[in-house]
Enquirer: 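Quick one: structure below, then a few questions.
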Amino acid sequence: MVDAKMLNKISSAPGFIAALDQSGGSTPAALRLYGIADTDYHGDEEMFRLMHAMRVRIMSAPAFTSDKIVAAILFERTMDGDVDGQPVPSYLWEKRGVVPLLKVDKGLAAEENGVQIMKPMPDLDALLARGRDKGIFGTKMRSVIANADKAGIAAVVKQQFEVARQIIGNGLVPIVEPEVSIKSPTKQEAEAILRDEIAKQLDLLPAGEEVVLKLTIPTVADFYAPLIAHKSVVRVVALSGGYSRVDACEKLSRNHGMIASFSRALTENLRVSMSDAEFNASLAETIDEIYAASVNKA
């Protein structure tokens with residue numbers, strides 16, 4: 001059973017989703033940006049310990065509250081961790097009023113037909129059950145579209161919605177994330193195909209089944225307005241996709257009804273060497289900027 005208070009928060013509260021879900025492949029780059037070099041740690045366990053410490057610093061910062069943050073996407077290890085002795089999901093919801101979400105994909109397959117579908121997730125049901133028991137509300141899984149190949153994009157969307165239906169069946173709300181690369185030479189054309197394919201799949205969902213869509217900020221402002229208005233869409237959120245925070249916020253501000261779900265753009269100005277006062281002030285400034293782009297549409 002989907003938590004009604006969390007659903008209301010996700011669907012209508014002002015603010016944005018903080019993406020704190022860097023996993024094995026993206027963690028070293030995130031740590032380097034934070035000021036921790038590859039030579040500063042040895043092995044995955046130490047790497048993930050440092051990453052968790054960074055996330056705890058973010059989640060426990062004074063500005064990281066429901067005033068401007070709707071939800072947070074967690075890596076599996078983060079879900080299993082704690083903040084001040086309290087499990088992360090319950091800390092987020094009970095102490096911060098922030099809805100806990102979980103990244104569930106296992107990475108990307110090799111590119112074929114201009115896209116990368118998700119690798120198999122044979123243990124997904126067990127992970128969903130564990131997440132649900134820990135208070136997780138919903139999930140996120142990512143595919144990547146590099147070119148405007150109709151067959152490839154159709155395959156991405158089909159797989160995303162197959163997994164989404166499995167997640168819905170486990171009592172959670174899925175975030176469908178077919179990312180169009182901002183480096184794609186056919187980005188606008190890919191977005192047109194993607195919008196049509198998503199609309200087809202949305203129309204096939206039974207009444208009462210809903211998803212969140214996480215999409216690259218479109219080339220044409222408000223291009224995803226028909227998806228935002230669809231009865232089976234809880235909300236449409238934007239990934240930063242490699243844009244700087246300034247660029248991502250500027251582009252997002254032109255898309256009505258779309259809120260941020262930023263990862264690198266959220267953390268790009270944070271450094272491990274900062275004092276707590278410096279760190280908290282920098283994060284608060286970033287949160288204010290992303291919040292403004294998400295809610296203040298001219």
Side-chain angles (χ1 to χ4, degrees), residues 1-4 6-7 9-11 17 19-25 70-80 88-89 93 99-110 112-113 115-145 151-180 194-216 227 230-237 239 261:
M1 178 70 70
V2 172
D3 186 293
M6 290 187 183
L7 179 60
K9 181 80 177 175
I10 289 284
S11 63
I17 295 175
L20 304 177
D21 59 327
Q22 298 91 348
S23 55
V70 172
I73 304 172
L74 308 174
F75 177 46
E76 184 178 346
R77 283 175 177 255
T78 310
M79 176 187 75
D80 291 336
V88 168
W93 183 239
V99 177
L101 306 168
L102 176 65
K103 166 187 159 67
V104 296
D105 70 81
K106 300 301 181 185
L108 301 168
E112 186 176 350
N113 293 331
V115 304
Q116 290 177 274
I117 64 171
M118 297 179 287
K119 291 180 178 177
M121 292 172 266
D123 301 322
L124 180 59
D125 284 331
L127 177 60
L128 296 174
R130 192 154 58 83
R132 191 175 60 244
D133 289 345
K134 288 176 176 285
I136 292 293
F137 169 79
T139 65
K140 187 212 88 163
M141 61 273 190
R142 171 177 172 261
S143 311
V144 173
I145 297 166
I153 294 172
V156 160
V157 176
K158 182 174 182 289
Q159 183 194 39
Q160 282 277 343
F161 275 83
E162 285 173 349
V163 178
R165 284 188 286 272
Q166 183 178 353
I167 291 163
I168 292 168
N170 277 272
L172 300 173
V173 175
I175 299 179
V176 170
E177 185 186 4
E179 174 182 347
V180 177
L194 178 63
R195 187 179 70 176
D196 289 346
E197 291 297 326
I198 291 175
K200 290 177 189 176
Q201 291 292 333
L202 289 172
D203 289 343
L204 294 174
L205 287 177
E209 293 193 359
E210 298 177 310
V211 302
V212 175
L213 300 176
K214 182 169 179 175
L215 305 172
T216 306
L227 302 181
H230 197 284
K231 63 179 176 58
S232 295
V233 174
V234 175
R235 207 152 195 181
V236 177
V237 304
L239 56 97
S261 177

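Throughout, numbering of the chain's residues begins at 1 and tracks the sequence.
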Enquirer: How far does CD1 of I117 sit from CD1 of I153, to the nearest 0.5 angstrom?
Expert: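 Atom-to-atom, I117:CD1 and I153:CD1 are 14.0 Å apart.
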Enquirer: Go through it in stages, so that I can follow the logic: the residues are L194 and V180, the test is side chain to side chain contact (heavy atoms under 4.5 Å, CB included), and I'd like the CA-CA distance, side-chain angles, deciding distance and then a yes or no.
Expert: CA-CA 9 Å; L194 178 63; V180 177; 3.7 Å; yes
Enquirer: Evaluate the side chain to side chain contact (heavy atoms under 4.5 Å, CB included) criterion for residues I17 and R235: first the C-alpha distance (whole Å), next the side-chain angles of each, then the deciding distance (0.1 Å), finally the verdict.
Expert: CA-CA 11 Å; I17 295 175; R235 207 152 195 181; over 6 Å; no
Enquirer: Measure the shortest side-chain to side-chain distance between L74 and D21 over non-hydrogen atoms and say whether it is less than 4.5 angstrom.
Expert: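 Sidechains of D21 and L74: no contact.
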Enquirer: Measure the spacing between OG1 of T139 and CD1 of I175 and express it to the nearest 0.5 Å.
Expert: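 Going from the OG1 atom of T139 to the CD1 atom of I175 covers 7.0 Å.
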Enquirer: May I ask you to decide if I73's main-chain N or O and K140's side chain share a donor-acceptor pair within less than 3.5 Å?
Expert: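 No.
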Enquirer: Answer yes or no: is there a side-chain heavy-atom contact under 4.5 Å between L202 and K231?
Expert: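 They are not in contact (no side-chain heavy atoms under 4.5 Å apart), so the answer is no.
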Enquirer: How long is the gap from OG on S232 to CG on L213, to the nearest 0.5 Å?
Expert: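 These two atoms lie 10.0 Å from each other.
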Enquirer: Check this for me: does any side-chain nitrogen of one of K106 and E76 sit under 4.0 Å from a carboxylate oxygen of the other?
Expert: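 Looking at E76 together with K106, the answer is yes, because their closest N to O distance falls below 4.0 Å.
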Enquirer: For the residue pair R142 and L108, establish whether any side-chain heavy-atom pair is separated by less than 4.5 Å.
Expert: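 Yes. Closest side-chain heavy atoms under 4.5 Å.
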Enquirer: Counting C-beta onward and ignoring hydrogens, is there a side-chain heavy-atom pair between I145 and P178 closer than 4.5 Å?
Expert: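 Counting from C-beta outward, I145 and P178 do come under 4.5 Å.
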Enquirer: Let's go through V173 and E210 carefully: what are the C-alpha distance in whole Å and the side-chain angles of both, what is the deciding distance for side chain to side chain contact (heavy atoms under 4.5 Å, CB included) to 0.1 Å, and is it a yes or a no?
Expert: CA-CA 7 Å; V173 175; E210 298 177 310; 5.6 Å; no
Enquirer: Say you draw a straight line from CD1 of I167 to CG of N170; how long is it, rounded to the nearest 0.5 Å?
Expert: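 Rounded to the nearest 0.5 Å, the CD1-CG separation comes out at 8.0 Å.
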Enquirer: Are the side chain of R195 and the backbone N or O of L227 linked by a donor-acceptor pair below 3.5 Å?
Expert: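 Not a single qualifying donor-acceptor pair exists.
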Enquirer: Would M118 and Q160 count as a side chain to side chain contact (heavy atoms under 4.5 Å, CB included) here? Give the steps.
Expert: CA-CA 8 Å; M118 297 179 287; Q160 282 277 343; 3.8 Å; yes
Enquirer: Hey, are the side chains of K134 and V88 touching, using non-hydrogen atoms and a 4.5 Å cut-off?
Expert: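 They are not in contact (no side-chain heavy atoms under 4.5 Å apart), so the answer is no.
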Enquirer: With a 4.5 Å limit on heavy-atom distance, are the side chains of R165 and Q201 in contact?
Expert: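 Yes, side chains in contact.
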Enquirer: Can you find a pair of side-chain heavy atoms, one from F137 and one from L172, that are under 4.5 Å apart?
Expert: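 No; the side chains remain at least 4.5 Å from each other.
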Enquirer: Does K200 reach the side chain of V157, with side-chain heavy atoms less than 4.5 Å apart?
Expert: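 K200 vs V157: side chains apart.
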Enquirer: Among I10, V211, V2, find the residue that satisfies the side chain to side chain contact (heavy atoms under 4.5 Å, CB included) test when tested with V234.
Expert: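 Single pass found, and it is I10.
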Enquirer: Hey, could you give me the CD1/CH2 distance between I136 and W93, rounded to the nearest 0.5 Å?
Expert: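 The distance works out to 12.5 Å.
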Enquirer: Nearest 0.5 Å please: distance from the CZ atom of F161 over to the CD atom of E197.
Expert: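 CD of E197 is found 10.5 Å from CZ of F161.
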Enquirer: Spell out, as yes or no, whether a donor-acceptor pair under 3.5 Å connects the side chain of Q116 to the backbone of A109.
Expert: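 Present.
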